Amino acid sequence: MPELPEVESVRRQLEPELTGRRVIKTWWDPHPAIPREFSGLELLTGRTIRSVGRRGKFMVAPLDEDLELIMHLGMTGSFRFDLDDPHVRARLDLDDGRVLSFRDVRRFGRMAVVEAGDYETIPTLKLLGPEPLSDEFDPSTFAASLRRTSSPIKPYLLSQRPVAGVGNIYADEALWLAKINPGSRAVGSKRARALHAAIREVLAAAIEREGTTFSDYAMVNGESGRNADFLIAYGRGDTPCPRCRTPLRKITLGGRGTTYCPKCQRR
DNA sequence: CACGCCTCCTGTGCGC
DNA sequence: TGCGCACAGGAGGCGT
């Protein structure tokens, strides 16, 4: 569900609420088959939250005692204050009397307290590529990384290694904008630069609209993102391509639904 | 090491 | 109406 624009929208609302707050009590719903879901959360009680940052789809909140709270929304995760719901998986009681609830129907999300910067138990975060809207995401390095892989371009983007935060929606959108076939295994320098620009454009526009809501994604204030009506490729199979009127085609690639224009995104 | 398949979990919507 | 199946925005483990 939530990709970079959704996570950033949540982060922007959480940060002013949590900065400087101390956690006085922590509760979570243990699931025997998912020990990783809330690892280290017992360390959170008594800690003060210094800020709420973000890397890709991970929120990273520095704590005192040189610890960090890592939060990932998975497919269906959301945060709300003072919410009572059967799908609430964790609750943080704060020193201002409010309770932050983490709701996650499918339980693919996670929260973890780790030593600051120690991401050994979170491999995707450890190997995470550059932030797409920062200067560290530069066209030449991106092109070089695409040259080195033999994977089809879309699954490679979803690995989070060439760039952080791109998921299934914005991968389809960016590849459509850059006119690149999602299955292409040979993206040259020129097309890599077009894709670099397209990723930035698509993500920045989605952040402006506070993300894409289909069903589960909501911000901390309960509101939906407004980007769904602006999607061109994702979820729009059989509708005409806005550039060439050819019906968009939906396929499965790397196990994920993938929509693209068979004419303007030729191999 | 890199890649690609399968799985984790729950809910929803569709076709029969 | 009811059942069974496919699919859903993500990531991690494991086999090749």
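Bear in mind the structure is a predicted one, so any value in this text is a computation, not a measurement. Numbers restart at 1 for each chain; the letters A, B, ... are given by sequence-line order, proteins then strands.
As rounded to whole Å, 9 Å separates atom C1' of dC1(B) from atom CZ of Arg161(A). Here the P atom of nucleotide dC3(B) and the CG atom of Leu253(A) are 14 Å apart, to the nearest Å. If you measure from atom CE of Met71(A) to atom P of dA11(C), you get 15 Å, rounded to the nearest angstrom. Arg256(A) has its CZ atom 16 Å from the P atom of dT7(B), to the nearest Å. Whole-Å rounding puts the Phe58(A) CZ to dG9(C) C1' distance at 15 Å. The interatomic distance linking Leu157(A) (CG) with dA11(C) (C1') rounds to 16 Å, in whole Å. Between Lys154(A) atom NZ and dG10(C) atom C1' the separation is 12 Å, expressed in whole Å. When the P atom of dC8(B) is taken as reference, atom CD of Glu37(A) falls 15 Å away, rounded to whole Å.
Using a 4.0 Å heavy-atom cutoff across all strands shown, Ser159(A) reaches no nucleic acid atom at all. Among the heavy atoms of the strands lying under 4.0 Å from Pro152(A) are primed sugar atoms or P, OP1, OP2 only; no base atom is included. Using a 4.0 Å heavy-atom distance criterion, Tyr234(A) is classed as a sugar-phosphate-only contact. Contact annotation for Arg185(A): backbone-only contact, meaning every heavy-atom pair under 4.0 Å involves sugar-phosphate atoms and none involves a base. Among the protein residues, Gly167(A) comes within range of the sugar-phosphate backbone only, with heavy atoms under 4.0 Å from sugar or phosphate atoms but none that close to a base.
For Ser215(A) against dG9(C), a side-chain-to-base donor-acceptor contact under 3.5 Å is present. In this model, a side-chain donor or acceptor of Arg106(A) finds a partner on the base of dC9(B) within 3.5 Å.
For Asn168(A), the listed nucleotide lying nearest its side chain is dG10(C); candidates were dC3(B), dC9(B), dG10(C). Listed nucleotides dT10(B), dG10(C), dG9(C) differ in distance to Val105(A); the shortest reach to its side chain belongs to dT10(B). Side-chain proximity of Met75(A) to the nucleotides dG13(C), dC9(B), dA8(C) is greatest for dA8(C).
In plain terms, the two heavy atoms of Met111(A) and Ala90(A) that are nearest each other are SD-CB, 4.1 Å.
Nucleotides dC3(C) and dC9(B) place their P atoms 24 Å apart, quoted to the nearest Å. With both ends at atom C1', the span from dC3(B) to dG9(C) equals 23 Å, rounded to whole Å.
Thr212(A) pairs with exactly one of Tyr217(A), Tyr170(A), Tyr234(A) by the side-chain hydrogen bond (donor to acceptor under 3.5 Å, both in side chains) rule, that one being Tyr170(A).
Nearest-nucleotide positions on DNA chain C for Lys250(A) and Arg36(A) put Lys250(A) closer to the 5' end.
The side chain of Thr76(A) contributes no N or O atom lying less than 4.0 Å from OP1 or OP2 of dG9(C). At least one side-chain nitrogen or oxygen of His87(A) sits closer than 4.0 Å to the OP1 or OP2 atom of dG11(B). Not one side-chain nitrogen or oxygen of Gln160(A) sits closer than 4.0 Å to the OP1 or OP2 atom of dG10(C). For dA11(C), the OP1/OP2 oxygens have a side-chain nitrogen or oxygen of His72(A) closer than 4.0 Å.
Look at Asp238(A) and Arg249(A) and you find no salt bridge, because none of the NZ, NE, NH1 or NH2 atoms lies under 4.0 Å from a carboxylate O.
Using cut-offs of 30° and 60° for the angle between ring planes, the Phe102(A) and Phe79(A) rings count as tilted. A perpendicular orientation is assigned to the rings of Phe142(A) and Phe137(A), their planes being inclined by more than 60° (bins at 30° and 60°).
As the counterpart of dG9(C), no nucleotide is assigned, since no Watson-Crick or G-U wobble pattern has both distances under 3.5 Å. As the counterpart of dC9(B), no nucleotide is assigned, since no Watson-Crick or G-U wobble pattern has both distances under 3.5 Å.
Separation of atoms NE2 (His72(A)) and CZ (Arg110(A)) is listed at 9.0 Å; rounding is to 0.5 Å.
At least one cation-pi condition fails for Arg89(A) and Trp27(A): the charged atom is not both under 6.0 angstrom from the six-membered ring centre and inside a 45 degree cone around its axis.
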